[in-house]
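Atoms considered below: every heavy atom in the structure, side chains included; atoms not considered: hydrogens, waters and symmetry mates. On a predicted model such as this, the values are computed, not experimentally measured, just so you know.
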Amino acid sequence: MEKVRAVVKEIAYAENHAKLSPLKRSGIIPVLSFASSLYTLALSLRHSLYRFGLLRNHRLAVPVISVGNLTWGGNGKTPMVEFIARFLADSGIPPLILTRGYAGGDEARMLERHLFGRPAKIGVGANRAAVAASYFERYGYFDPRSGTSNQSLCLDQKVESHLKLEKIGAVILDDGMQHWSLQRDLEIVMVNGLTLWGNCQLLPLGPLREPLTALKRADVAVIHNADLVSEQNLKDIEHMIREVKESLPIFFTRMTPSHFFEVANINSKLPLGALSNTIILCVSAIGSANAFVTAMEKIGASYVDRLDFSDHHVFQARDVEMIRRRLEELEDKFDSQPIVVVTEKDYDRDSETLKHLHPFKVLALCSELQTISHIGCTKNGFKKLLTEVLRVKLPGAN
């Protein structure tokens with residue numbers, strides 16, 4: 001299955017199909033084209049069902065911020081969800097993050113670790129309206145735009161303050177752009193600056209979940225991995241977006257590595273410089289591994305190799321053996337024991353399997369999303385946009 005996924009991804013991001021092998025051109029692409037036609041038909045039918053009211057979308061009692069994308073993974077959605085959740089929680093508006101929980105919930109577990117100690121809650125499930133309703137019933141809610149609350153009792157200030165920390169003041173939809181059953185107050189679309197929209201075809205012939213015209217529904221576009229994209233390419237991406245929606249605000253983000261921790265000891269903390277002059281094998285099962293590998297190449301390693309698996313892939317025993325064989329090859333080649341580096345998502349998906357690579361050391365890279373100031377777009381500008389949705393004055397948003 002991994003080989004099939006790799007071939008599909010190669011076709012989706014191929015700039016020129018003429019350079020593909022004859023088998024892929026004459027055997028695989030026609031099959032993918034037919035499947036893509038069926039997907040297009042199903043997508044159109046779903047749109048129609050919502051447009052004519054046969055399928056309903058629900059309005060929640062608090063502001064809803066959706067973070068999504070038009071392609072498959074690797075666009076920085078989860079880091080952006082965390083960025084927004086931190087901002088809201090630190091501003092006194094406890095958020096509820098709604099996520100589907102792909103691959104056993106690796107993203108949900110990572111968010112739980114990163115947001116520990118903050119008044120943020122994470123609801124996992126495909127029916128997000130039902131999940132939200134259950135959390136509202138359990139914790140209560142308040143609408144920061146109007147002060148509306150489902151708590152009508154008269155309580156002293158201390159107790160009321162405690163309850164407000166428990167109450168939900170906003171909802172963040174993780175991977176929410178195609179989740180049309182919930183209305184939203186802000187639609188943020190993430191764009192991977194390294195890969196964009198591939199061949200601009202719909203799944204499975206291309207990486208698009210929807211046509212590029214869906215950008216018209218967005219309220220904000222965020223170009224992720226902008227630090228790895230040339231200035232000219234950034235301008236080209238902006239031009240492509242504005243051709244669809246001229247007035248769309250565009251912001252820019254990057255992932256900034258901070259430190260490593262040992263997979264065998266999550267409480268450990270190693271500086272980035274600890275891996276300088278070492279041999280590194282990057283192992284990842286994420287949507288777009290190029291940014292991760294590039295970050296490792298920048299820390300001063302002697303040599304960086306990579307093994308990429310499909311997004312959300314759960315490591316099996318055969319994968320561990322494949323990784324071990326590559327490590328042994330690198331050790332023989334360089335006469336030095338290589339170090340495995342994975343992403344936090346890979347750690348949270350299955351940390352126990354990664355421990356089976358002993359005696360080779362396995363580290364997880366910790367990174368955080370940062371906004372990049374570019375042509376008048378700043379971190380404070382992005383936060384100001386969030387506060388406008390909430391229609392309240394929050395500290396630190398000037």
Side-chain angles (χ1 to χ4, degrees), residues 62-69 73-124 128 131 135 168-177 179 184 186-192 220 222-227 251-261 266 269 284 286-288 291-292 295 311-312 342-349 364-372 379-380 382-383 385-387 389-390 394 396-397:
V62 299
V64 176
I65 299 173
S66 169
V67 180
N69 58 273
N75 299 274
K77 294 186 302 295
T78 304
M80 175 57 76
V81 166
E82 180 185 338
F83 180 92
I84 295 171
R86 284 176 179 270
F87 172 65
L88 293 178
D90 293 346
S91 301
I93 300 180
L96 168 63
I97 299 169
L98 296 178
T99 178
R100 288 182 61 90
Y102 293 109
D106 52 357
E107 292 162 343
R109 284 193 290 271
M110 186 176 72
L111 287 169
E112 285 176 354
R113 286 194 299 105
H114 288 191
L115 297 172
F116 180 76
R118 285 182 167 87
K121 299 169 182 64
I122 302 171
V124 179
R128 303 195 207 186
V131 173
Y135 272 76
I168 295 162
V171 163
I172 306 171
L173 285 180
D174 182 19
D175 198 7
M177 191 163 187
H179 191 80
R184 64 284 319 270
L186 185 71
E187 184 83 80
I188 301 173
V189 59
M190 303 294 295
V191 179
N192 188 340
V220 182
V222 177
I223 300 175
H224 191 50
N225 295 321
D227 58 318
F251 292 87
F252 305 83
T253 57
R254 66 182 177 193
M255 292 304 295
T256 302
S258 56
H259 65 278
F260 301 100
F261 66 80
I266 191 173
K269 189 172 183 179
S284 64
I286 56 179
S288 179
F292 165 53
D311 196 15
H312 298 292
V342 300
T343 69
E344 284 191 272
K345 278 181 61 176
D346 299 307
Y347 168 83
D348 283 304
R349 191 179 309 116
L365 175 67
C366 297
S367 303
E368 64 178 19
L369 181 139
Q370 293 183 343
T371 56
I372 299 175
K379 179 178 181 178
N380 285 339
F382 184 72
K383 288 182 175 180
L385 187 144
L386 294 176
T387 63
V389 173
L390 300 170
L394 299 179

Trace of the side-chain contact (heavy atoms from CB on, under 4.5 Å) decision for Thr253 with Gln370 | CA-CA 6 Å; Thr253 57; Gln370 293 183 343; over 6 Å; no
How close do Val124 and Ala108 get, heavy atom to heavy atom, and via which atoms?
-> CG2-CB, 3.9 Å
Determine yes or no for a side-chain-to-main-chain donor-acceptor pair under 3.5 angstrom, with Arg184 supplying the side chain and Val67 the backbone.
-> no
Got Arg86 and His114 here, is their nearest side-chain heavy-atom distance under 4.5 Å?
-> yes
Close side-chain approach of Ile97 to Lys121, heavy-atom, < 4.5 Å | no
Heavy-atom closest contact (Met190 atom, Gly76 atom, distance) = CE-O, 3.6 Å
Lys/Arg N to Asp/Glu carboxylate O, Arg100 vs Asp175, below 4.0 Å | no
With the side chain counted from C-beta on, respond yes when Pro63 and Leu390 share a heavy-atom pair under 4.5 Å apart, and no when they do not.
-> yes
Ignoring hydrogens and geometry, is there a side-chain-to-backbone donor-acceptor pair from Asp90 to Phe87 under 3.5 Å?
-> no
State, without any angle test, whether Thr256 and Glu368 hold a side-chain donor-acceptor pair at a distance under 3.5 Å.
-> no
Shortest non-hydrogen contact from Asp311 toward Gly73 | OD2-CA, 3.7 Å
How are the rings of Phe83 and Phe382 set to each other: parallel, tilted or perpendicular (split at 30° and 60°)?
-> tilted
Do Asp106 and Arg109 meet the salt-bridge criterion of a basic N to acidic O distance under 4.0 Å?
-> no
Passing option when Ser66 is tested against Val81, Leu98, Leu173 for side-chain contact (heavy atoms from CB on, under 4.5 Å) | Leu173
Please assess Phe252 against Thr371 for the test side-chain contact (heavy atoms from CB on, under 4.5 Å), listing each intermediate value before the final yes or no.
-> CA-CA 6 Å; Phe252 305 83; Thr371 56; over 6 Å; no
Is a donor on one side and an acceptor on the other found under 3.5 Å between the side chain of Ser367 and the backbone of Met255?
-> no
So, Ser288 versus Asn192: side-chain donor-acceptor pair below 3.5 Å or not?
-> yes
Could you check if a side-chain atom of Ile84 sits within less than 4.5 angstrom of a side-chain atom of Ile65, using non-hydrogen atoms only?
-> yes
In short, Tyr135 meets Ile122 closest at the heavy-atom pair OH-O, 2.9 Å
With side chains defined as the heavy atoms from C-beta onward, is the minimum distance between Glu344 and Phe261 less than 4.5 Å?
-> yes
Any chance you could lay out the side-chain contact (heavy atoms from CB on, under 4.5 Å) test for Leu365 and Phe292, step after step, and finish with the verdict?
-> CA-CA 9 Å; Leu365 175 67; Phe292 165 53; 3.9 Å; yes
For Pro95, what residues pass the side chain to side chain contact (heavy atoms under 4.5 Å, CB included) criterion, not counting sequence neighbours?
-> Ala85, Leu88, Ala89, Ala120, Ile172
Stepwise side-chain contact (heavy atoms from CB on, under 4.5 Å) check, Lys77 with His224 = CA-CA 9 Å; Lys77 294 186 302 295; His224 191 50; over 6 Å; no
Might you point out which heavy atoms bring Ala226 and Ile372 nearest each other, and give the distance in Å?
-> CB-CD1, 4.0 Å
Heavy-atom check, side chain of Lys345 versus side chain of His312, under 4.5 Å = yes
Is it true that Arg113 and Asp348 have a side-chain N and a carboxylate O under 4.0 angstrom from each other?
-> yes
Minimum side-chain heavy-atom gap Val220-Glu187 below 4.5 Å = no
List for me each residue that meets side chain to side chain donor-acceptor pair (under 3.5 Å) alongside Arg128, sequence neighbours excluded, and say none if there are none.
-> none
Drop me the distance from Leu386's CG to Ile93's CD1, to the nearest 0.5 angstrom.
-> 10.0 Å
Minimal heavy-atom distance between Val131 and Gly123, with the atoms involved, is CG1-CA, 3.7 Å
Less than 4.5 Å apart, any side-chain heavy atom of Leu369 and any of Arg254?
-> no
